[in-house]
Amino acid sequence: MADKKYSILKQFHLPTLEASILNDWKVENTFEKSVANRNGKPAFVFYEGPPSANGMPGIHHVISRTLKDMVCRYKTMQGFQVNRKAGWDTHGLPIELGVEKELGITKEDIGVKITVEEYNQKCREAVVRFKDKWDDITEKMGYWVDLNDPYVTYKNDYIETLWWCLKELHKKDYLYKSVSIQPYSPAAGTGLSSHELNQPGCYKDVKDTSATVLFKMSENDCQQILSSINCALAIDEIYLMAWTTTPWTLPSNLGLTVGPNINYVLVKTYNPYTHKLQYVILAELLLAKYFKDEAENADFEAYTAESKVIPYSVLGMFKGSELEGIRYEQLLPFESNQASLSGGDPFRVICGDFVTTEDGTGIVHTAPAFGADDYKVGQKNNLGIITLVDREGKFIEGTGEYSGRYVKNYKDEKNYQDVNVDIAIELKKRGQAFKVEKYEHSYPHCWRTDKPIIYYPLDAWFIRTTAVKERMVELNKTINWKPKATGEGRFGNWLENMVDWNLSRSRFWGTPLPVWRTEDGTEEICCGSIAEIKSMLHEDSPEKELKDVHKPYIDQVILKSPSGQKMYREPDLIDVWFDSGAMPYAQWHFPFEASSTDPQQRSLPKDFPADFIAEGVDQTRGWFYTLHALAVLLFDSVAYKTVVANGFVLDKFGNKMSKRLGNVVDPFETIHTYGADATRWYLVTNASPWDSLKFDLKGIEEAQRKLFNTLYNTYTFFALYANVDQFTFEETYIPIPQRNEMDRWIISSLHTLIGTVQTHMDDYEPTKAGRAIDEFVDQHLSNWYVRLCRRRFWKGEYETDKIAAYQTLYECLETLCKLIAPFAPFFSDWLYKNLNAISQRETQTSVHLCDFPLVIIDDIDHDLEQRMGLAQDACSLLLSLRKKSTIKVRQPLQKAIIPLIDPSMEVKIRSVEDIIKNELNIKDIEFIAADNDLIKKKIKANFKTLGSRMGAKMKAVAHEISLMTSAQIAELEKQESFVFEMDGESVTILLSDVEITSDDIPGLLVASKGSLTVALDINLTPALIEEGLARELVNKIQKIRKDSNFELTDRISVLIEDYEMLKNPLNNFYSYICTEILADSLSFSPEMQDGTEIEVNDHKLKVFITKTN
RNA sequence: UGGCUCGUAGCUCAGUUGGUUAGAGCGCUACACUGAUAAUGUAGAGGUCCCCAGUUCAAAUCUGGGCGGGCCAACCA
């Protein structure tokens, strides 16, 4: 028993300590145990958002994983069982692009230079390229997640569940095929994803031929418009003005869209190209774009072809809604764009909310084939669709002179004649162009061919998410979003504006769409399992085994329809977001693995929904959305109850981290240098997780110093003396009420802290929890409790008070271990193990197997905490007075004086009097009553209570109050109210309407904070000076002891060189000095050879110390 | 361009329902303390609370409009 010692490190180095703890966890299977020892306990369900191991982990991964880990560890300690299944996202464009770059090929080469089979094999290898790195960072940062049995999105089982989901959707008629307008590169012959479009450099400023063109209104509608504005003129031709930057879309025009609430005007003017009189309609607000102010109502007669100013006059005005339904003549009719081919009722004016008066004419040329908005509004208004451009980007046959011409120079023809220009010229000649000019704007280009993209109708498969929009909105309101605004704002708005989910991707490495169709399209099946596919195989199917469900094998599967026809797979792959969104089901291979005995298990996957997920805000419309959408579509449920959306990690200047800027932070290096715990602590306490974080390594250093060094120092202080006294917590537990004021105070604060931490953690506010711990460790434990209690640990016998001190400090350290365990899993475990190894108080071998501390209400004493706060304030004030007086703390002073503004203050301060006296080295504290003449009082209005009552008079009243004399203040205090005259009115104020503080005590040094005022008597008596000298001597000798590396317990004998000033102090304080410095003898010597020189009162003298034991 | 979010000391951040001297830590300077000592205390310097307007007796705080950073979605006629 006697040789049991708390271990103290030679050097405190967090990364080294972490390595040893990491080893413990491996050897002891701590993670597995922490889950297993909660068997039978309620589950806390967590989903891991799958990262892609195709890239290196960055520091931003460390922040979200810290968050996840912290919550899971906390919930585990709260008694829940928290399974943490890892996952890998393995499909998708970035992986394909990576492989293509590596092999130096493009998409066109796939199937030519490399088979799809080989290509997919490369992708399969690439997705786990950095898996080792990921596993490494996961381990080193202390992220506990089960890496042994992860879900992997490319595995057959995983994909089979995705198919099951798709079939369910298909059954509910939520899966359908339709055209959609998508970015398309005619040069590359491929559709582009938004991701590709967002590659840097894709948007370029280009000059295009823009044209404001005139659509001729039908004669009937013409008359109707004229009569609606009471226009008596005989006008038989009115033109609707519309603007386009892509004249090649004009032959495909099927409608004109106006804003229902926008004002439009009918204008009489001349056509600038034909110079003929013309009547046109455009938005009132855009008149200035086409006409000069001075041209309004100018002389029409004087106009000639040479005139610079074209006169115009407004004949009438109407709302866009009044134009709705007006018909117009087709602008560029050909055989291939006849109305009957559109499938709708084209060439009408329709209304659309997206119309603005920012530019153009306020009337939008609408070609449903070549714009997403156009398509949407066209569908809504039954315009039909006409696509006069083929997939190579050229006009189809049957478009007259334009047939076969490319709409942009896709083939790099040397003598390319811009078809847009030709169309504009044609319209000018016909008097149906009003303005043709070059227009500069930014336009997306294909990142591979550098050619402009076009928007083009492509076949695609959709999920009808809009069918459950209301339900998604409703269920979203039940989700606990952190921060709340992300759920209500960003996510809520997104849901409100939801469109159907476009699932299709024309790629190679991804989950195949399990839909087969007969060639005539009459029969269609969506397969929900591999078994189902196998049961429907056509005897001619080249592929029957399906060992790998990816392309190209899946495309070789031919099914047999119920009527016996061959069915071929739709070639699409599905959006990777579907992969991750279906992860709650697919990670368990639901429903294929569900036990058949449990009906509950068969209808709902296990661990569904999640209690908690966390990822970056960028996932709001990504993973958070797809999880939510699928859960609602499939199970009419939320997928997660709480979601934390963390912000981004920026560099220390607030710039985005990017490889290009070279400001990325290497998480491996950071953790290696500073330790995972310091890094985690910094990430959590520096800013709320959802605020963006300016990452600065200095902040980690600070966390290391501030929290971990302080805690470690506190521990070594404890260990140092506990080892001397052999404290092992074997003595009977001293009940808290029997401990002294300081002990009860720190225990009370500790339990208040437990409550605070728990509240914040339950509310997913780890930043607040961490900051509360920071403050406790620094302000309360280290700089107050330990500092003030030091003597109790190294003075006196090993009896009750000392044991109480040990027990108290031990409890604080042990509890803190548990509180910080979720944040700093390594250090907390190290400290816990060190403490517990000696005390054997608990049976757990790791802090992570412990329960979270409970708040013991009885140990909390708010009064005491308040009193101690008063003591801390008083000390701080008195120290500042000492500083002013330049009398060092070692010099005792006679007394401090505290005026009592509030009578209850005396009792409070009396109870902490000893603490203040010790801390300040003063003999006494004296109180002077409030009515004492010595105190000069200061009065100030209490704006909060008075403001609401006084209103506009507030300022004047406050001024009056500040002018009150001492006598008036005394009267107010006595009567508890006071009346004064102001502008002939009497105003009554109550005691609660003012704040009275003491201002000054004549003849004394005074300082105050809030209602507390203190004064210090700095008169020195000879006795005080003697004592000061005695203390000075003690201090110097202690320093020598320390410098000579004496043991704490070594006893000494001391010889001091003669010095008159020290004679009295030495005699009068002989025993005091000896006790302090553990001296057996202490005497003067007239002359000394050896010894250490010290300085007392600016006098140099020698001291000689020898060990006596 | 739209939605969301952030903007307070040189840096990182607090700042309750609006209440009058706007705080803390780090960093800097000076002094002090010292058997926890790469710690600590006290003091000093350091502010257009992003800007403008409004509401109010009173605005860092509420409202409107800008500006700047970030994320997401677009980039259109």
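Keep in mind it's a predicted model, so treat the numbers as computed, not measured. Letters A, B, ... mirror the listed sequences (proteins, then strands); counts begin at 1.
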- Message: Can you measure A:His60 atom NE2 to B:rG70 atom P for me and round it to whole angstrom units?
- Response: 16 Å
- How close or far is atom P of B:rG15 from atom CZ of A:Arg771, stated in whole angstroms? 8 Å
- Message: I want to confirm an ordering. Mapping A:Gln1038 and A:Ile363 to their closest nucleotides on RNA chain B, which one lands closer to the 5' end?
- Response: A:Gln1038
- Query: Quick one: on RNA chain B, does A:Thr244 or A:Asn713 contact a more 5' nucleotide (nearest heavy atom)?
  - Reply: A:Asn713
- Could you go through the side chain to side chain contact (heavy atoms under 4.5 Å, CB included) check for A:Leu250 and A:His365 one step at a time? CA-CA 8 Å; A:Leu250 288 169; A:His365 146 59; 3.8 Å; yes
- Query: Under 30°, 30 to 60°, or over 60°: which ring-plane class applies to A:Phe370 and A:Trp248, parallel, tilted or perpendicular?
  - Reply: perpendicular
- Message: What I'd like to find out is whether the side chain of A:Ile63 reaches to under 4.5 Å of the side chain of A:Phe695, using heavy atoms alone.
- Response: no
Looking at [N], I'd like to know if its phosphate oxygens (OP1 or OP2) sit under 4.0 Å from a side-chain N or O belonging to [X].
X: A:Thr620; N: B:rC72; value: no
X: A:Tyr455; N: B:rC75; value: yes
X: A:Lys698; N: B:rG27; value: no
X: A:Tyr721; N: B:rA36; value: yes

- Can you tell me, in whole Å, how much space there is between the C1' of B:rC50 and that of B:rA38? 39 Å
- With rounding to whole Å, what would you report as the distance between B:rG25 and B:rA39 at their C1' atoms? 15 Å
- Residue-level proximity of residues 775-792 of chain A to RNA chain B when a heavy atom falls under 4.0 Å: A:Ser782, A:Asn783, A:Val786, A:Arg787, A:Arg790
- Item | Pairing partner (Watson-Crick or G-U wobble, both distances under 3.5 angstrom) of B:rA9 | none
- Item | Short side-chain to backbone donor-acceptor contact, A:Lys482 and A:Asp763, under 3.5 Å | yes
- Message: For a quick check, tell me whether the side chain of A:Lys1036 and the base of B:rU34 share a donor-acceptor pair closer than 3.5 Å.
- Response: no
- Message: When you compare the side chains of A:Asn686 and A:Trp681, does any donor N or O come within less than 3.5 Å of an acceptor on the partner?
- Response: no
